[in-house]
Amino acid sequence: MRFDIITVLPSLLESPFAHSILQRAQKKGLAEIHVHNLRDYAFNKHKSVDDYPYGGGSGMVMQIEPFALCIEKLKSERDYDDIIYMTPDGVTLNQGIANDLSTKQNIIILCGHYKGIDQRIRDVFVTKEISIGDYVLSGGELPAAIVVDAVIRLIPGVLSDETSALSDSFQDGLLDAPIYTRPAEWRGLRVPDILLSGNEAKINEWRDEQQLLRTKERRPDLLND
Ligand code: SAH
């Protein structure tokens, strides 16, 4: 699977993909992440990619042309399943969206800045608009990194224990069960006996119960869905 991320701040995206699971996924050849500097597609000598908003008001707007040139170049090289714009007024990211995206081959992600991007880019090129939550950040880079992380860990072969993504929160509509590691007792707090019993069937039963309990307590909305 391949991601092409278009941003005015490529250096912001260096670290998130250079560690741990995301780094391993790239080394194994299961994911490719290409970051494109929007300024390379700026068409004026100052390399600016923003301009004043029509109709006045505060904040700058990202221009059409640099995005259009970069997207068209990428599209001439390969087909894309989706062109995603990260934006607070998009659909809120959830595990279902991540699952769906993990089945795609090639995805472009556009990162906005300032007040956002010219509406015509959204109208002409963008196929999905995704928000990471009801709050406003200063740029689309961190949201893009979140989407890429959530998606890549779902690609078969990326996680070493194949089943571990399946038992994560939201994957089956429930939150995850509590987890423990050694020591079995710490400052008088014991790990639930069932987890030390070695009885796999009973342990699974306990985990199912705990998932349901935790979801009822913390996210009853998930059960209504
Ligand atoms: N004026 C816009 C916010 C612009 S914030 C509005 O009110 O909707 C600048 C950029 O940060 C956006 O273009 C977007 O790419 C990114 N961004 C900010 N908050 C985000 C969020 N919650 N989810 C996804 N992207 C976000």
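Every number for a ligand or one of its atoms is a count from 1 in the order of the listing. Atoms considered below: every heavy atom in the structure, side chains included; atoms not considered: hydrogens, waters and symmetry mates.
With a 6.0 Å radius and a threshold of 12 heavy atoms from other residues, nucleotides or ligands, Asp79 has its CG atom at or below the threshold. Few gaps surround CD on Glu77; more than 12 heavy atoms of other groups in view lie less than 6.0 Å from it.
Nearest protein heavy-atom contact of atom 24 (C) of ligand 1 is Thr87 N, 3.4 Å. Here the protein heavy atom with the shortest distance to atom 14 (C) of ligand 1 is Met86 O, 3.0 Å. Counting only heavy atoms of the protein, atom 1 (N) of ligand 1 lies nearest to Lys115 O, 2.9 Å. Closest to atom 22 (N) of ligand 1, if we only count protein heavy atoms, is Tyr135 O, 2.8 Å.
Near Tyr114, meaning under 4.0 Å from one of its heavy atoms, ligand 1 places the atoms 4 (C), 5 (S), 9 (C). Interface atoms of ligand 1 facing Gly116, defined by a heavy-atom separation under 4.0 Å, are 13 (O). Less than 4.0 angstrom separates some heavy atom of Ser131 from each of these atoms of ligand 1: 22 (N), 23 (N), 24 (C). Residue Pro143 has at least one heavy-atom neighbour below 4.0 Å for each of these atoms of ligand 1: 24 (C), 25 (N), 26 (C). Ligand 1 places these atoms under 4.0 Å from at least one heavy atom of Leu137: 5 (S), 9 (C), 11 (O), 18 (C), 19 (N). Residue-ligand proximity, Gly140 to ligand 1, at heavy-atom distances under 4.0 Å covers atoms 11 (O), 15 (O), 16 (C).
Remark: the backbone N or O of Ala177 is not paired with any side-chain donor or acceptor of Arg207 at under 3.5 angstrom. At distances below 3.5 Å, not a single donor-acceptor pair connects side-chain atoms of Ser131 with backbone N or O atoms of Asp89.
Between the side chains of Asp176 and Gln171, not a single donor N or O lies within less than 3.5 Å of an accepting N or O.
Screening Asp4, Ile5, Leu13, Ile109 for a side-chain contact (heavy atoms from CB on, under 4.5 Å) with Ile33, the sole residue that qualifies is Ile5. Here the options are Pro66, Pro10, Ser11, Cys70, the test is side-chain contact (heavy atoms from CB on, under 4.5 Å), and the partner is Asn37; only Pro10 passes. Among Leu101, Ile107, Ile152, the single residue meeting the side-chain contact (heavy atoms from CB on, under 4.5 Å) criterion with Val147 is Leu101.
Considering each of Pro88, Cys111, Gly133, Gly59, the one bringing a non-hydrogen atom nearest atom 6 (C) of ligand 1 is Pro88. Heavy-atom proximity to atom 3 (C) of ligand 1, evaluated over Leu93, Val136, Val61, is greatest for Val136. Of the candidates Ile132, Ile130, Leu142, Ile132 brings a heavy atom nearest to atom 23 (N) of ligand 1.
With a 4.0 Å cut-off on non-hydrogen atoms, Tyr85 touches ligand 1 through its side chain and not its backbone.
With contacts defined as side-chain heavy-atom distances shorter than 4.5 Å, the pair Arg2/Arg78 qualifies.
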